[in-house]
2 protein chains.
Amino acid sequence: MNYLHMEQKIQRTFIRDEVYEILLDWIVTGTLRADQQIRDKEISKQLGVSRTPIREALLRLENEGFVQTKANSSTFVTPINYDEISHYYSIAYTLEKLAVEDMFTKITNQHLKKMEIVNQEMYHSIQKGEYFTAVKKDTEFHALFISLSSNSELKKMLANLKQKLKRIELFYYDKAKGVHLSFSEHKKIIAAFKQNDMNLTLDSVEQNWRNGMERIQKYLIEKGDM
Amino acid sequence: MNYLHMEQKIQRTFIRDEVYEILLDWIVTGTLRADQQIRDKEISKQLGVSRTPIREALLRLENEGFVQTKANSSTFVTPINYDEISHYYSIAYTLEKLAVEDMFTKITNQHLKKMEIVNQEMYHSIQKGEYFTAVKKDTEFHALFISLSSNSELKKMLANLKQKLKRIELFYYDKAKGVHLSFSEHKKIIAAFKQNDMNLTLDSVEQNWRNGMERIQKYLIEKGDM
DNA sequence: AAAAATTTGTGCGTATGTATA
DNA sequence: GTATACATACGCACAAATTTT
């Protein structure tokens with residue numbers, strides 16, 4: 001057997017893609033804050049590459065709504081808009097429910113076991129106050145069943161939406177420490193899958209999302225930001 | 001009163017955006033066919049601009065899935081994938097139904113009248129065999145109620161999806177002349193709105209999309225392309 | 001009103017992949 | 001299968017245009 005053929009073809013990496021991933025991470029995790037200016041020249045020096053790949057990464061981020069550019073003036077991180085939050089949440093759970101409809105029959109006990117483990121890990125992260133890890137585990141939990149859908153276009157759109165929601169959640173969870181993630185709601189989703197009840201699963205998925213959205217909205221109202 | 005202040009600020013146009021619109025139109029309408037190679041140098045000469053805005057437009061088209069680039073080799077129009085068709089259709093009607101839920105109470109008799117007119121115009125275009133205009137009128141019909149939704153992120157996503165579906169529909173309607181657009185189904189949607197029955201409206205919207213998808217799939221099976 | 005900062009657009013050399021001998 | 005030649009995208013430095021201070 002020739003093991004050479006088993007190796008994955010070396011994927012060429014583009015500087016623009018690497019820059020995109022770095023900048024996206026900085027925006028999502030809050031290293032780059034809302035309204036903060038981004039100068040391609042500065043990033044260029046910081047990352048040690050020319051300005052072309054930086055510009056290309058910024059153009060993509062602009063198309064996806066993470067940054068905004070005023071012509072010949074400045075590029076800055078898109079601020080979080082209160083109206084957009086509920087918009088994105090409703091799109092996300094609508095599409096995630098479509099994914100559930102598609103993958104519902106494909107789930108196995110192994111998947112469910114893995115979901116329970118990840119959910120437990122999320123719980124422990126919350127206990128330790130590690131919000132970054134907790135949000136990551138939450139995303140991983142949902143990804144476990146979404147990935148079973150055969151609708152690859154849907155998966156791409158959901159992955160993109162998740163980045164936007166992740167940014168929102170990290171922003172508010174950091175501010176409102178009292179807010180808790182959805183450990184018990186995830187258990188309901190697992191139970192619904194186990195009962196092989198699709199409608200119940202869809203409802204519990206939607207409820208999970210709605211609660212997440214309401215936790216943020218409640219915080220906004222309390223703080224008088226809305 | 002100073003009328004100067006009432007005038008809209010002159011929006012600067014970017015070459016990259018103009019190039020994007022032109023290339024997108026060429027791809028959607030079939031001027032650029034599937035798998036056809038696109039050389040930035042060639043487009044550059046043809047449109048009389050430098051290669052940078054061409055590259056930027058191509059990068060955006062690549063992110064949106066309309067073209068594909070082999071590293072350091074070639075850029076070509078993404079072929080229509082049979083699996084993707086049903087994927088995109090299901091995403092489209094799922095999101096359009098979400099838009100209907102959002103705008104349902106906002107519709108007026110004037111909107112419904114306009115929808116009837118556009119539907120009639122679509123019918124006449126079909127009669128005259130003008131498929132390009134017919135598909136355009138179909139898109140316009142749906143846009144009439146979608147635009148009433150306040151979820152601007154949803155509207156953007158739907159507009160993007162429509163471009164992809166428009167390409168698919170123009171491709172197959174051109175090949176399968178027998179295929180007809182959904183004049184009577186649109187009448188059902190209008191009737192459901194008039195009866196103020198949201199569930200019926202949602203069902204008729206989904207049915208309209210499903211039929212459109214099935215018309216194409218039927219053609220594919222007949223021709224043995226699947 | 002002018003200068004400074006920043007994005008936008010141009011041209012070019014290089015690296016990579018593909019076809020051909 | 002190998003080496004060579006060719007085509008194309010990739011990244012860089014420079015110049016122009018525009019907005020803001």
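In what follows, every chain begins at residue 1, and chains take the letters A, B, ... in the order their sequences are listed.
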Could you state the atom-to-atom distance from [atom1] of [X] to [atom2] of [N] in whole Å?
X	N	atom1	atom2	value
B:F14	D:dT18	CZ	C1'	10 Å
B:K45	C:dT10	NZ	C1'	17 Å
B:F76	C:dT18	CZ	C1'	14 Å
A:I54	C:dT8	CD1	C1'	16 Å
A:D17	D:dA9	CG	P	16 Å
A:I15	C:dA15	CD1	P	12 Å
B:L61	D:dA9	CG	P	14 Å
B:L59	D:dC10	CG	P	7 Å

Could you tell me whether [X] and [Y] make a salt bridge, using a distance below 4.0 angstrom between a side-chain N and a carboxylate O?
X	Y	value
A:K166	A:E169	no
B:R210	B:E206	yes
A:R51	A:D40	yes
A:K136	A:E130	no

Taking the side chain of A:R51 as heavy atoms from C-beta outward, which of D:dG11, C:dG9, D:dC14 is closest to it?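 Closest of the options to the side chain of A:R51: D:dC14.
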Among C:dT10, C:dT8, C:dC12, which is the nearest nucleotide to the side chain of B:T52?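 Out of C:dT10, C:dT8, C:dC12, the nucleotide with an atom closest to B:T52's side chain is C:dT10.
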Is the closest side-chain donor-acceptor distance between A:Y20 and A:E64 under 3.5 Å? yes
Donor + acceptor pair across side chains of B:D25, B:T31 (<3.5 Å):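 Short answer, no.
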Is the phosphate of D:dC12 approached by A:S50 (side-chain N or O, under 4.0 Å from OP1 or OP2)? yes
Hey, what are the protein-to-nucleotides 4-8 of chain D N/O distances that come in under 3.5 Å?
unit_1	atom_1	unit_2	atom_2	d
D:dT8	OP1	B:R39	NE	2.3
D:dT8	O4'	B:S73	O	3.3
D:dT8	O3'	B:S73	O	3.3
D:dT8	O2	B:N72	O	3.3

Please compare A:K70 and A:G48 by the position of their nearest nucleotide in DNA chain D and report the one closer to 5'.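 Here A:G48 is the residue nearer the 5' end.
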Any-strand Watson-Crick or G-U partner of C:dA1, both distances under 3.5 Å: none
Does D:dT4 have a Watson-Crick or wobble partner in any strand here, with both distances under 3.5 angstrom, and which is it?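 With both distances under 3.5 Å, D:dT4 matches C:dA19.
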Hey, what's the ring geometry for A:F145 with A:F141, parallel, tilted or perpendicular (30° and 60° as the breaks)?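 Perpendicular, since the angle between the ring planes exceeds 60°.
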Any N/O donor-acceptor pair, A:R55 side-chain to C:dG9 base, under 3.5 Å: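 Per atom types, the contact qualifies.
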For a quick check of understanding: with a heavy-atom distance under 4.0 Å over all strands, which category does B:R16 fall into, base, sugar-phosphate or nothing?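 Touches sugar-phosphate only.
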